[in-house]
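Scroll down for the structure; my scribbles are underneath it.
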Amino acid sequence: MNQIKTPLIVANWKMNGNQLLCRQFSETLECPANGEVWIAPPSLYLETLAVDKKLRNFVRVGVQNVYGKSSGAYTGEVAATMVRESGGTFAIVGHSERRTQFNESDSFIAQKFYASIEADLIPILCVGESLEEREAGLTYAVVEQQLTEVIDTSGIKYFHKSVVAYEPVWAIGTGKAASPVNAEEVHVHIRQVIAKYDDQFIPILYGGSVNENNVGELWEQHNIDGFLIGGASLNPHTLNSIIGEITR
Ligand code: PGA
């Protein structure tokens with residue numbers, strides 16, 4: 001186990017959960033011995049978790065997506081300022097499900113990233129390659145493109161207020177996590193890309209089929225600073241176990 005790092009664990013509920021799950025989290029989730037726990041429920045449940053008497057003491061709450069404009073005629077969208085006002089402190093941007101199912105481009109994601117920073121939310125920028133891209137040897141090029149589009153739009157000074165999540169698309173929801181060595185290689189590359197601008201530290205999370213069985217060996221990797229967890233984050237007992245594995 002790593003003695004020095006303290007983990008950042010982000011739960012991405014995706015379009016799952018309800019008020020009952022919010023209550024179960026309040027009753028069951030334990031304050032970690034060290035590190036931080038952030039939860040991104042569907043945005044309608046943001047405030048329920050943000051004002052919860054127990055959770056508000058040790059959990060940050062945020063959203064899975066925001067729009068890139070501050071207000072206006074954008075039916076169905078939510079602005080970063082609204083998230084902030086409702087008690088949210090972070091926003092996931094560029095999740096691969098948004099990129100593929102909702103055709104979000106790198107430049108569109110860069111706007112969301114910038115809007116989050118402007119509203120004082122911490123953006124968690126997701127990057128990662130598809131299986132075809134990995135097999136074609138394009139992993140590094142893909143994550144570099146995804147990162148630089150955002151850094152060039154926001155400026156490196158703003159980028160330092162963010163978190164990056166490496167989420168290989170082929171590992172998300174498949175039960176097939178990246179091997180610790182593969183994940184570490186890409187995390188190192190991500191650090192090198194950011195270091196071309198300057199060398200301030202940014203947390204880099206790994207995401208994709210993380211569970212209580214594989215989290216320990218992933219956590220042993222030097223450049224993995226925490227985890228973005230989907231399916232396994234929906235059960236508060238499982239989340240306690242995952243956190244316990246890396247904070248004991
Ligand atoms: P997963 O999802 O843990 O269910 O693979 C991770 C994510 O999409 O953030």
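Numbering of ligands and ligand atoms starts at 1, following listing order.
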Please determine whether side-chain hydrogen bond (donor to acceptor under 3.5 Å, both in side chains) holds for the pair Glu184 and Asn223, giving the CA-CA distance in whole Å, both sets of side-chain angles, and the decisive distance to 0.1 Å.
CA-CA 6 Å; Glu184 173 72 3; Asn223 286 284; 2.7 Å; yes

Can a side-chain donor-acceptor contact be found between Gln64 and Trp13 if the only test is distance below 3.5 angstrom?
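The criterion, which ignores hydrogens and geometry beyond distance, is not satisfied for Gln64 and Trp13.
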
N/O donor to acceptor pairs below 3.5 angstrom from side-chain atoms of residues 107-121, sequence neighbours left out:
| unit_1 | atom_1 | unit_2 | atom_2 | d |
| --- | --- | --- | --- | --- |
| Ser107 | OG | Ser105 | OG | 3.3 |
| Lys112 | NZ | Asn65 | OD1 | 2.7 |
| Lys112 | NZ | Val66 | O | 3.0 |
| Lys112 | NZ | Glu104 | OE2 | 3.0 |
| Ser116 | OG | Lys112 | O | 2.8 |

Enumerate the ring-ring contact (aromatic ring centres under 6.0 Å, His included) contacts for residues 189-208, please, sequence neighbours excluded, ordered by first and then second residue.
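ring-ring contact (aromatic ring centres under 6.0 Å, His included) check on residues 189-208 returns Tyr140-His189.
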
Tell me the residues surrounding ligand 1, counting only those with a heavy atom closer than 4.0 angstrom, sorted by chain and number.
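Within 4.0 Å of ligand 1, protein side: Asn12, Lys14, His95, Glu167, Ala171, Ile172, Gly173, Gly208, Ser209, Leu228, Ile229, Gly230, Gly231.
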
State which residue, out of Thr139, Val142, Val143, fulfils the side-chain contact (heavy atoms from CB on, under 4.5 Å) condition with Glu133.
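The side-chain contact (heavy atoms from CB on, under 4.5 Å) with Glu133 is passed solely by Val142 among Thr139, Val142, Val143.
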
Side-chain donor-acceptor distances from residues 24-35 under 3.5 Å, at least two apart:
| unit_1 | atom_1 | unit_2 | atom_2 | d |
| --- | --- | --- | --- | --- |
| Ser26 | OG | Asp52 | OD1 | 2.9 |
| Ser26 | OG | Asp52 | OD2 | 2.9 |
| Thr28 | OG1 | Gln24 | O | 2.9 |

